[in-house]
*Asks:* 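Would you mind keeping the following structure in view while I ask a few things?
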Amino acid sequence: MSRDLATALAAWFNASHRTMPWRETRDPYAIWLSEIMLQQTQVETVRGYYDRFLAKWPTIADLAAADDGDVMKAWEGLGYYARCRNLLAAARTIVREHGGEFPREFDPVLALPGIGRSTAGAILTFAFGQRHPILDGNVKRVFSRLLDIAEPVTSKAVDDRLWAVTAQLIGDAPDPWVHNQAVMEFGARQCVPREPKCLLCPLRTFCAAQAAGTVAERPVKVKKPPVPHKQIAVAVIANEGRLYVQQRPHEGLLGGLWEFPGGKQEDGETLPETVRRECREELGITVQVGRKIAEIRHAYSHFRITMHAFLCVQVGDDLLIPHAAIDSRWVARDQLDSLAFPKANKDLIAVLMGDHPELG
Ligand code: SF4
């Protein structure tokens, strides 16, 4: 069955796959870049970023030598910024330890920052034609249906089983490049999360969930707790036509990006009180909180926020000392775009570019 399934999958792919720039190259750097960008991000979103990135930094050595802020700026809007930091760190590792050449063996690739087992396999298959299984979220869904797996896909036992199945399949596949591309494409276009196209499916005769009538129940997922919703209050502190912004530490959520100071509303606190407390804690200054200039909603992977932005001015003579940032600047409104901000701050900046006499 394994060989027949691999053959059917390859025939489907060869007849109907989409054209993508990273499928037209065997450059491991370009393929690696695409694999990282495509994690949790749609193909159509990635295309523009991918082209711009490669135009600006055509080789691993170029990327390794790039300014961190420029790279974060080029990634701005793509989200999951740890991917970008890891990409840069890995490029520097490749220059330092591999003479700028992307390694061809599995273990050194897996050792690079931000590259897991599935991504390592994908890069080595797509760049060098090696036979490595891949098992991303799409592939897990496809095989949990093909095999009608009744246990949660997040369990270790199911994970082990799926790795074993995908390893056997790639071993039997006529062409490993086609096979891994086909598996990914099949998950993205045919065996999609909701309403998979079972009626016209080329793997229908191999599909145990289809035979058992359990497609809608596969993959089995453990119910997630409700997503927390945080109220965030931030200060837009103006001084002589410039606004105060600061850079988050490189580690952690949104690391290395710029932002307006502020933080989470505590129990029993009004939003202006949050702003005053955060400015005292983060900057060591007292602010007078003025009008609310924007309210912005944003969803991260594990929580949602509503960001309330207030116009503020410093009162008193305390020296502003950033305690929660690695860098800070007073920036003219029309210069804010030169720095990389997370999405909610970008939306705030769009509001700030409107007509606000208080901002000069
Ligand atoms: S028959 Fe349906 S569930 Fe089974 S592999 Fe095809 S699309 Fe997926």
Side-chain angles (χ1 to χ4, degrees), residues 1-20 22-23 34-35 37-47 116-123 125-126 131-224 301:
M1 166 194 161
S2 165
R3 186 176 293 275
D4 292 345
L5 192 152
T7 304
L9 195 56
W12 172 82
F13 179 79
N14 287 330
S16 67
H17 69 268
R18 297 170 292 177
T19 305
M20 296 176 192
W22 43 89
R23 285 185 176 153
S34 72
E35 287 297 320
M37 285 185 166
L38 286 164
Q39 289 167 1
Q40 285 131 336
T41 309
Q42 301 284 327
V43 166
E44 292 314 314
T45 306
V46 166
R47 284 182 195 270
R117 183 175 171 186
S118 186
T119 303
I123 298 168
T125 303
F126 299 149
R131 285 182 191 272
H132 295 284
I134 54 171
L135 192 60
D136 64 6
N138 275 341
V139 181
K140 282 186 184 175
R141 179 178 62 255
V142 170
F143 283 98
S144 74
R145 288 171 177 166
L146 283 169
L147 302 172
D148 193 26
I149 294 177
E151 295 84 47
V153 277
T154 44
S155 80
K156 170 89 170 61
V158 171
D159 201 55
D160 289 347
R161 183 177 171 198
L162 292 179
W163 274 112
V165 168
T166 49
Q168 189 192 343
L169 268 174
I170 189 97
D172 287 344
D175 179 331
W177 187 95
V178 169
H179 179 80
N180 276 347
Q181 291 285 4
V183 167
M184 287 174 142
E185 182 93 349
F186 190 78
R189 289 179 54 215
Q190 183 78 30
C191 196
V192 291
R194 274 182 224 117
E195 300 183 23
K197 300 167 186 170
C198 301
L199 277 179
L200 298 171
C201 178
L203 304 186
R204 192 180 162 87
T205 54
F206 303 96
C207 184
Q210 171 65 31
T214 54
V215 170
E217 292 139 48
R218 305 288 179 259
V220 174
K221 288 185 179 162
V222 180
K223 207 161 185 244
K224 288 186 188 159
S301 51

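Atoms within each ligand, like the ligands themselves, are counted from 1 in listed order. Since we're looking at a predicted model, the values are computed, not measured.
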*Asks:* Does a salt bridge link Asp136 with Lys140, judged by any charged N lying under 4.0 Å from a carboxylate O?
*Replies:* no

*Asks:* Using heavy-atom distances, let me know which of Cys201, Ser144, Pro196, Cys198 sits nearest atom 2 (Fe) of ligand 1.
*Replies:* Cys198

*Asks:* Among protein heavy atoms, which lies nearest atom 8 (Fe) of ligand 1, and at what distance?
*Replies:* Cys191 SG, 2.4 Å

*Asks:* Just jot down the ligand 1 atoms closer than 4.0 angstrom to any heavy atom of Val215, in number order.
*Replies:* 3 (S)

*Asks:* Could you check Asn180 against Val139 for side-chain contact (heavy atoms from CB on, under 4.5 Å), going step by step and ending with a plain yes or no?
*Replies:* CA-CA 10 Å; Asn180 276 347; Val139 181; over 6 Å; no

*Asks:* Regarding Arg145 and Gln210, do their side chains bring together a donor and an acceptor under 3.5 Å, going by distance alone?
*Replies:* no

*Asks:* So, Arg23 and Glu185, do they make that salt bridge, N to O below 4.0 Å?
*Replies:* yes

*Asks:* For Gln39 and Thr119, test the side chains for any donor-to-acceptor distance below 3.5 angstrom and give the result as yes or no.
*Replies:* yes

*Asks:* With atoms numbered from 1 as shown, which atoms in ligand 1 lie under 4.0 angstrom from a non-hydrogen atom of Cys207?
*Replies:* 1 (S), 3 (S), 4 (Fe), 5 (S)

*Asks:* State the atoms of ligand 1, each with its element, that fall below the 4.0 Å cut-off from a heavy-atom position in Arg145.
*Replies:* 3 (S)

